[in-house]
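Here is how names work: the chains are called A, B, and so on, in the same order as the sequence lines, proteins then strands, and each is numbered from 1.
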Amino acid sequence: MSFDPVVLFFLLGLAAGVAKSDLKLPAALYDTLSVFLLLCIGIKGGLELAKQPILTLLPQAMLVLAMGAAIPLLIYPLLRWRLPQVDAASIAAHYGSVSVVTYAVGVAYLSRIGEAFESQTTLFLVLLEMPALIIGVILARRGSRSAPGHGWGKLLHEVLLGKSMVLLLGGLAIGALAGPEGIKPLDRLYVDLFKPTLTLFLLEMGLVVAGKIGILRREGLFLLVAGIGLPLALSWLGIGVGLMLGMSTGGLTLMALLAASASYIAAPAAMRMAVPGADPALSLGAALGITFPFNLLVGIPLYHQFALAVA
Amino acid sequence: MSFDPVVLFFLLGLAAGVAKSDLKLPAALYDTLSVFLLLCIGIKGGLELAKQPILTLLPQAMLVLAMGAAIPLLIYPLLRWRLPQVDAASIAAHYGSVSVVTYAVGVAYLSRIGEAFESQTTLFLVLLEMPALIIGVILARRGSRSAPGHGWGKLLHEVLLGKSMVLLLGGLAIGALAGPEGIKPLDRLYVDLFKPTLTLFLLEMGLVVAGKIGILRREGLFLLVAGIGLPLALSWLGIGVGLMLGMSTGGLTLMALLAASASYIAAPAAMRMAVPGADPALSLGAALGITFPFNLLVGIPLYHQFALAVA
Amino acid sequence: MSFDPVVLFFLLGLAAGVAKSDLKLPAALYDTLSVFLLLCIGIKGGLELAKQPILTLLPQAMLVLAMGAAIPLLIYPLLRWRLPQVDAASIAAHYGSVSVVTYAVGVAYLSRIGEAFESQTTLFLVLLEMPALIIGVILARRGSRSAPGHGWGKLLHEVLLGKSMVLLLGGLAIGALAGPEGIKPLDRLYVDLFKPTLTLFLLEMGLVVAGKIGILRREGLFLLVAGIGLPLALSWLGIGVGLMLGMSTGGLTLMALLAASASYIAAPAAMRMAVPGADPALSLGAALGITFPFNLLVGIPLYHQFALAVA
Amino acid sequence: MTFHTRTLLTIVTESALENDLVDLFHLQGLRGWTIVEARGKGEHGEKRASFDANGNIQIELIADTAAAEQLATTIAERFGRHYALVQWLTDVRVLRAEKF
Amino acid sequence: MTFHTRTLLTIVTESALENDLVDLFHLQGLRGWTIVEARGKGEHGEKRASFDANGNIQIELIADTAAAEQLATTIAERFGRHYALVQWLTDVRVLRAEKF
Amino acid sequence: MTFHTRTLLTIVTESALENDLVDLFHLQGLRGWTIVEARGKGEHGEKRASFDANGNIQIELIADTAAAEQLATTIAERFGRHYALVQWLTDVRVLRAEKF
Ligand SMILES: Nc1ncnc2c1ncn2[C@@H]1O[C@H](COP(=O)(O)O)[C@@H](O)[C@H]1O
Ligand SMILES: Nc1ncnc2c1ncn2[C@@H]1O[C@H](COP(=O)(O)O)[C@@H](O)[C@H]1O
Ligand SMILES: Nc1ncnc2c1ncn2[C@@H]1O[C@H](COP(=O)(O)O)[C@@H](O)[C@H]1O
Ligand code: NA
Ligand code: NA
Ligand code: NA
């Protein structure tokens with residue numbers, strides 16, 4: 001049996017970080033890889049749009065957007081049990097949004113085991129990035145008269161024009177406008193180097209997750225329960241939506257993964273500005289410290305089993 | 001009809017910048033892409049040199065060098081109408097020199113529409129980088145007894161050994177010495193990734209141009225007139241030289257583009273040291289804020305029409 | 001006759017540096033290239049491990065490790081003639097360890113001239129990284145009661161978990177665990193771009209070596225004798241070990257090169273922490289200022305001649 | 001030339017606040033400042049990279065003493081509660097007083 | 001608000017020492033500091049890149065005067081002989097005294 | 001150990017001037033300084049990236065007060081007219097007086 005190198009790179013970073021090696025990737029590399037992966041995914045989604053008549057996709061897209069808005073509404077009350085309003089709202093937003101890298105590893109996993117999937121999931125990934133952020137801000141501000149932080153206009157700007165959003169939507173537009181023929185001369189970069197580049201990104205993610213261990217120690221039990229319980233529960237929501245869309249086993253797996261993954265690029269940036277009172281250590285500890293490695297190592301194959309069971 | 005993705009990336013950057021998105025590419029990525037593109041172009045020029053007997057190219061090269069020296073001499077008097085000596089000289093130097101990225105987009109355009117062109121234009125691009133800078137410095141210093149800034153020795157050093165010059169000439173030498181066989185193992189980087197990499201560069205250029213809008217507002221009319229009028233006029237000079245060299249439609253288009261494009265890497269660096277009294281906002285506003293997007297979006301197809309008209 | 005472009009890039013960097021051009025590559029690019037090259041080499045070594053039964057390799061590996069430990073022991077007494085204990089020990093460690101880039105250029109040279117070589121040399125490269133560092137620290141501390149600097153536990157940590165070590169061993173593990181099939185989707189990056197990327201690295205190395213010229217001037221004669229004498233002598237040790245392993249001409253060339261090359265990434269970092277009293281200008285001046293260019297320009301073809309003579 | 005006394009305000013805070021602070025400077029008619037990327041540790045934990053909105057910046061701004069103190073107070077009141085923030089004032093001397 | 005007097009210790013040294021210095025800060029109960037990448041020149045030659053363990057960092061740390069002086073002395077004694085190291089102390093004023 | 005009084009000169013200017021300033025330091029026999037990449041805003045507009053010769057650097061240099069004042073004056077005279085430039089002087093205390 002051979003191991004998936006993509007996951008091995010993550011484990012290498014994690015091990016190096018835990019062992020306090022002096023390995024560090026330059027910040028500029030991390031930023032560059034983020035830009036690149038977001039553009040890749042956006043372009044792929046855009047090529048989907050170019051392929052299918054937009055009217056066919058519209059009802060599906062609406063359902064997916066609804067899922068993105070529903071997730072924070074569903075988990076906010078649960079989190080309120082133990083957490084102040086702002087923190088519950090912020091974490092809810094993180095889990096309603098999605099992790100682009102987790103999705104990419106999921107796609108790599110399915111290709112590896114030869115399981116086909118509906119290509120419009122890439123488009124859904126782009127769509128899911130935002131609605132949860134807006135719901136999260138509303139939840140955080142509900143009831144508090146004097147807006148803590150920025151006004152609504154500025155907030156919407158922050159959420160809509162955040163780096164990840166612009167790159168995903170920009171890539172989407174470029175893919176849709178240029179079409180497969182137009183994008184072909186760029187394939188050597190945006191297609192061929194996507195998966196190998198992911199390995200470097202995951203090496204860095206391993207290092208970053210290792211750096212979250214301090215928080216895990218402090219808030220251990222709560223983060224553990226939330227960071228594993230939420231994706232497990234949400235994966236079934238994703239499967240439910242996938243069934244409503246009549247998807248294949250591969251598609252169901254990715255829908256589960258989209259619902260189960262939590263954003264750690266777009267959401268933290270947006271929440272920091274929109275909900276300054278929320279403690280970023282808490283939401284990042286759960287989303288990045290627990291849920292991300294859980295999905296990577298356990299979740300992806302598990303959701304695939306779930307999908308096989310219901311398909 | 002499908003859009004050219006290379007131009008779409010520029011527009012994405014421009015839109016993100018104008019909308020004040022927080023999208024920023026790391027400075028190290030920009031520097032890396034610059035180094036890479038300059039080396040690519042230099043190597044391509046060097047492979048040309050390796051292919052053709054140098055004596056065949058010599059007369060052509062002399063004519064092109066003469067064009068590079070003539071441009072600042074021609075436009076300096078025009079600019080003196082409204083500008084102090086140092087600023088007129090500095091802008092003249094910018095427009096006499098060339099924009100490597102504009103040229104690369106022009107080549108991509110011709111490939112896209114299937115128009116052939118003479119490959120020695122790449123060599124001409126390298127040759128055109130420098131003469132205008134030297135003429136520009138002479139124009140700026142003419143008449144002023146006490147040299148404002150550095151002595152001539154230091155200046156020549158600055159111009160000859162500027163980063164762009166070294167990479168272009170170095171690439172040229174490497175291409176010429178290693179030849180097509182020697183370069184082949186490097187093709188996966190220097191050939192295959194050239195065009196896709198250009199997209200990232202143009203994304204950044206869009207962001208940079210968006211940042212120049214403040215200057216445009218201040219010096220609007222003058223910059224607009226100069227930034228569009230100069231390339232339009234100079235493109236005909238380029239076509240004239242191309243006709244003297246007996247070039248094809250594609251070649252004429254590129255000669256027009258070389259004459260019409262203005263440097264915004266080599267020239268600003270050289271002028272800052274050699275002509276410190278010139279306001280860099282003015283020359284960069286025109287070259288980068290107006291002429292670069294004009295050439296990209298309007299100029300390239302237009303010069304192709306010009307070339308078709310005379311060919 | 002055509003020149004090796006890899007070496008031409010080094011000469012370009014060297015020339016630019018000596019001429020005091022303002023060419024600089026971003027530090028993040030250098031770091032990224034280092035990470036990438038170390039991972040590439042590690043993965044290649046790991047694929048070797050996956051291919052061959054580990055028991056076949058074990059005796060060979062032991063011999064190579066012994067060579068790595070022997071080199072500093074052999075040259076330390078020579079260096080003690082002129083140098084204080086700490087400096088002699090530090091330089092001995094540098095030369096006992098290896099230069100990954102020199103090895104990569106050697107491999108490129110052999111491929112160019114069509115000379116085959118045993119693929120396990122890549123594994124040997126990884127193995128040779130460490131033993132000399134440990135011996136070097138022991139030599140530096142011998143006899144001095146109060147440990148100057150850190151305790152042994154911390155030191156071992158420093159040496160074992162240094163950036164280069166982690167990337168080489170991590171790559172090794174990933175290559176061995178994932179196997180050729182698992183690594184294949186990554187080939188577009190880790191295989192195809194290895195050699196072209198090396199050119200950018202060597203451009204930077206040329207600039208760095210040019211920066212060492214100040215030291216060379218100060219300590220000229222000693223550095224020159226050590227920096228050329230040591231690799232020449234050690235290359236024969238490498239050939240001897242290669243003969244004991246029954247290697248081909250290509251393999252002998254690489255064994256000579258491994259023995260003759262000196263580390264300038266892992267060793268300086270480790271020695272700075274473990275032997276703070278040693279002057280880093282001295283060891284780096286020899287390893288990077290003299291031995292690295294010597295091996296690149298003269299050593300590689302020379303050791304190949306040596307190998308031809310004894311094969 | 002003669003030297004003039006001014007006050008240097010140094011602000012270390014989350015890079016996410018950069019735009020807000022710059023807006024504030026413009027609002028208060030301040031004409032110049034310098035920004036450097038930084039990392040650090042404090043009450044709000046370690047700040048390292050820029051990726052999860054977790055970077056620091058260090059801003060240096062020279063003004064007359066009253067303006068610098070006023071600015072520091074405003075910033076502390078507006079951002080001190082929820083954001084990682086440390087500020088300090090230093091007496092400095094400058095040559096071209098008209099620039100500040 | 002009122003301002004309180006504290007001392008700023010600035011340390012410029014080899015980046016290889018970062019971990020050791022941070023350990024020392026923790027040991028001495030210091031709760032905050034700021035780090036910036038730097039280059040420079042001094043007795044130990046030019047420090048430029050990070051590659052051959054040849055980079056610099058600049059650390060800024062605000063504490064009360066006694067603690068800052070004590071820390072500077074400890075660092076000079078422990079690392080001053082073998083490593084590139086320059087330190088200086090500046091009087092500064094801060095708003096929230098309880099943070100330092 | 002005892003602390004000695006020195007003056008810290010901080011220079012914020014265009015990165016294009018780095019070589020010229022370093023030449024000047026050598027000429028005046030100065031033996032050490034620290035450089036940090038910076039951005040900023042001032043009379044000469046915003047300075048952000050390095051690409052169109054549009055970056056800033058911040059140089060810190062400790063010397064005795066007379067030398068620092070002299071240096072600042074020379075720099076202001078030579079480069080102050082055409083280049084983006086801001087300088088300030090701070091009183092600092094150092095441990096190893098012989099280094100400065
Ligand atoms: N005592 C200190 N001296 C210097 N910088 C500090 C100090 N405390 C905190 N900082 C910096 O200020 C940032 C915010 O501090 P805090 O609000 O305490 O988290 C930290 O990330 C550090 O970079
Ligand atoms: N006079 C000085 N002023 C400011 N920084 C200095 C000075 N001297 C040295 N440095 C910095 O401190 C580092 C170590 O200095 P040294 O121990 O003299 O090599 C240098 O690399 C510079 O960054
Ligand atoms: N008041 C100020 N406080 C701190 N830094 C400043 C100030 N004014 C200008 N600067 C910095 O000095 C550079 C040059 O200033 P200027 O010559 O005014 O354009 C700017 O780009 C800023 O980085
Ligand atoms: Na989700
Ligand atoms: Na031109
Ligand atoms: Na060796």
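Within residues 67-76 of chain D, the residues that have a heavy atom under 4.5 Å from a heavy atom of chain E are D:Glu69, D:Ala72, D:Thr73, D:Ala76, listed by number.
With chain D as the partner, the residue from E:Glu37, E:Arg93, E:Gln58 showing the most heavy-atom pairs under 4.5 Å is E:Arg93. For the set D:Leu89, D:Thr10, D:Thr7, the count of heavy-atom pairs under 4.5 angstrom toward chain E peaks at D:Leu89.
With a threshold of 4.5 angstrom between heavy atoms, D:Leu85 approaches chain E through its backbone and through its side chain. Only the side chain of E:Glu60 comes within less than 4.5 Å of a heavy atom of chain D; its backbone N, CA, C and O stay farther away. Only the side chain of E:Ile57 comes within contact range of chain D, with at least one heavy atom under 4.5 Å from a heavy atom of that chain. Interface residue E:Thr34: backbone and side-chain heavy atoms are both found under 4.5 Å from chain D. If you measure heavy-atom distances from E:Arg31 to chain D, the contacts under 4.5 Å come from the backbone alone. With a threshold of 4.5 angstrom between heavy atoms, D:Gln87 approaches chain E through its backbone and through its side chain. For chain D, no part of E:Phe25 is nearby; none of its heavy atoms comes within less than 4.5 Å. When heavy atoms are compared at a cutoff of 4.5 Å, E:His4 does not approach chain D at all. With a 4.5 Å cut-off on non-hydrogen atoms, E:Arg96 touches chain D through its side chain but not through its backbone.
E:Glu18 has a carboxylate O that lies under 4.0 Å from a charged side-chain N of D:Arg39, or vice versa, which qualifies the two as a salt bridge.
For the side chain to side chain contact (heavy atoms under 4.5 Å, CB included) with E:Val36, the qualifying choice from D:Val12, D:Val36, D:Asn56 is D:Val36, the only one to do so.
The CG atom of E:Leu8 lies 5.5 Å from the CH2 atom of D:Trp88; values are rounded to the nearest 0.5 Å.
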